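Please read the structure below before turning to the comments.
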Amino acid sequence: MSLTDLLSPSDIAAALRDCQAPDSFSPKKFFQISGMSKKSSSQLKDIFRILDNDQSGFIEEDELKYFLQRFECGARVLTTSETKTFLAAADHDGDGKIGAEEFQEMVQS
């Protein structure tokens, strides 16, 4: 399964265009433009599994900086500031990583 099985390629492209400039990434805006915020809990779990590159059950900070590249190989890497802000917004239990439930809560809120 790939992200384009769950999200429209044109929506992904629009979301990536919106955050091309360094320090312009907003998780909430990205989730809305890409169509993620409209997906079911089951679909978000599938998306999470795709984004969890090492299949650890968590998206860690080192995976998070490559978040945009999971949608398109040529996309930019998130800046340190963007990565830390993204992690802080989703990591509700403070363990330094994003679990599937935390991801789902962030996307749907």
Side-chain angles (χ1 to χ4, degrees):
M1 181 177 291
S2 74
L3 288 167
T4 53
D5 293 330
L6 298 159
L7 301 169
S8 152
S10 61
D11 289 346
I12 291 171
L16 289 170
R17 270 194 311 276
D18 185 69
C19 61
Q20 281 181 333
D23 293 317
S24 66
F25 176 74
S26 162
K28 286 285 182 207
K29 195 170 181 187
F30 187 88
F31 298 150
Q32 289 169 350
I33 296 172
S34 69
M36 267 197 272
S37 57
K38 297 179 189 133
K39 297 300 173 184
S40 70
S41 296
S42 172
Q43 290 169 314
L44 287 175
K45 284 181 182 165
D46 289 338
I47 291 169
F48 178 84
R49 280 192 282 278
I50 294 167
L51 295 174
D52 178 15
N53 201 34
D54 64 4
Q55 299 301 300
S56 66
F58 297 95
I59 299 174
E60 293 90 4
E61 188 170 346
D62 59 326
E63 289 175 303
L64 205 54
K65 69 179 164 185
Y66 299 106
F67 178 81
L68 298 177
Q69 292 184 353
R70 301 295 290 154
F71 291 87
E72 182 182 280
C73 293
R76 71 178 180 87
V77 173
L78 293 180
T79 66
T80 301
S81 173
E82 289 171 320
T83 303
K84 292 195 180 302
T85 300
F86 192 172
L87 183 61
D91 181 19
H92 302 301
D93 61 10
D95 63 358
K97 51 194 175 187
I98 302 169
E101 291 78 25
E102 290 171 319
F103 179 76
Q104 189 175 321
E105 284 174 31
M106 181 181 199
V107 174
Q108 292 179 324
S109 65

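Count residues from 1 along the sequence. Values below: every heavy atom of this structure, side chains too, minus hydrogens, waters and symmetry copies. Please read all numbers here as calculations on a predicted model, not as lab measurements.
- For the pair V77 and Y66, the minimum side-chain heavy-atom distance is below 4.5 Å.
- Summarising the geometry, atom CG belonging to L68 is positioned 11.5 Å from atom CD1 belonging to I12; distances are rounded to the nearest 0.5 Å.
- Residue D5 comes nearest to M1 through the heavy atom pair OD2-CA, 3.4 Å, listed as atom of the first residue, atom of the second, then distance.
- Here the OG1-CG distance, from T83 to L78, works out to 4.5 Å after rounding to the nearest 0.5 Å.
- Every residue two or more places apart in sequence or in another chain was checked for a side-chain hydrogen bond (donor to acceptor under 3.5 Å, both in side chains) with S81, and none qualifies.
- Looking at V107 and F48, their side chains never come closer than 4.5 Å, going by heavy atoms from C-beta outward.
- Aromatic ring orientation, F31 versus F67: perpendicular (interplanar angle above 60°, classes split at 30° and 60°).
- Cluster annotation: M36 is not connected to I33 through the hydrophobic network of ILVMFWY side chains, with a link wherever side-chain heavy atoms come within less than 4.5 Å.
- L6 places a side-chain heavy atom less than 4.5 Å from the side chain of I50.
- The closest side-chain heavy-atom distance from C19 to K29 is not below 4.5 Å.
- Considering only heavy atoms from C-beta on, I47 comes within 4.5 Å of L7 through its side chain.
- Between atom CG of residue L87 and atom CD of residue E60 there is a gap of 10.0 Å, rounded to the nearest 0.5 Å.
- The shortest side-chain heavy-atom distance between E61 and K84 falls under the 4.5 Å cut-off.
- Between D91 and K97, the closest side-chain pair of non-hydrogen atoms is not below 4.5 Å.
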For this session: Apply side chain to side chain donor-acceptor pair (under 3.5 Å) to the pair T4 and S2, showing each step before the final yes or no.
Result: CA-CA 5 Å; T4 53; S2 74; 3.0 Å; yes
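- In terms of heavy atoms, A90 sits closest to M106 at CB-SD, 3.4 Å.
- With rounding to the nearest 0.5 Å, the separation of NZ in K38 from CG in D11 is 7.0 Å.
- Ring-plane geometry between F86 and F25 is classed as tilted, the angle between the planes lying from 30 to 60 degrees on a 0 to 90 degree scale.
- Within 6.0 Å of NZ in K28 there are more than 12 heavy atoms belonging to other residues, nucleotides or ligands.
- Contact between E102 and H92 at its shortest, heavy atoms only, is OE2-N, 2.9 Å.
- The distance from atom CD of Q104 to atom NZ of K45, rounded to the nearest 0.5 Å, is 5.5 Å.
- Proximity of D52 to F103: side-chain heavy atoms (C-beta onward) are nowhere separated by under 4.5 Å.
- Of all non-hydrogen atoms in S41 and Q108, the two that sit nearest each other are OG-NE2, 3.6 Å.
- The closest side-chain donor-acceptor pair between S10 and S8 falls under 3.5 angstrom.
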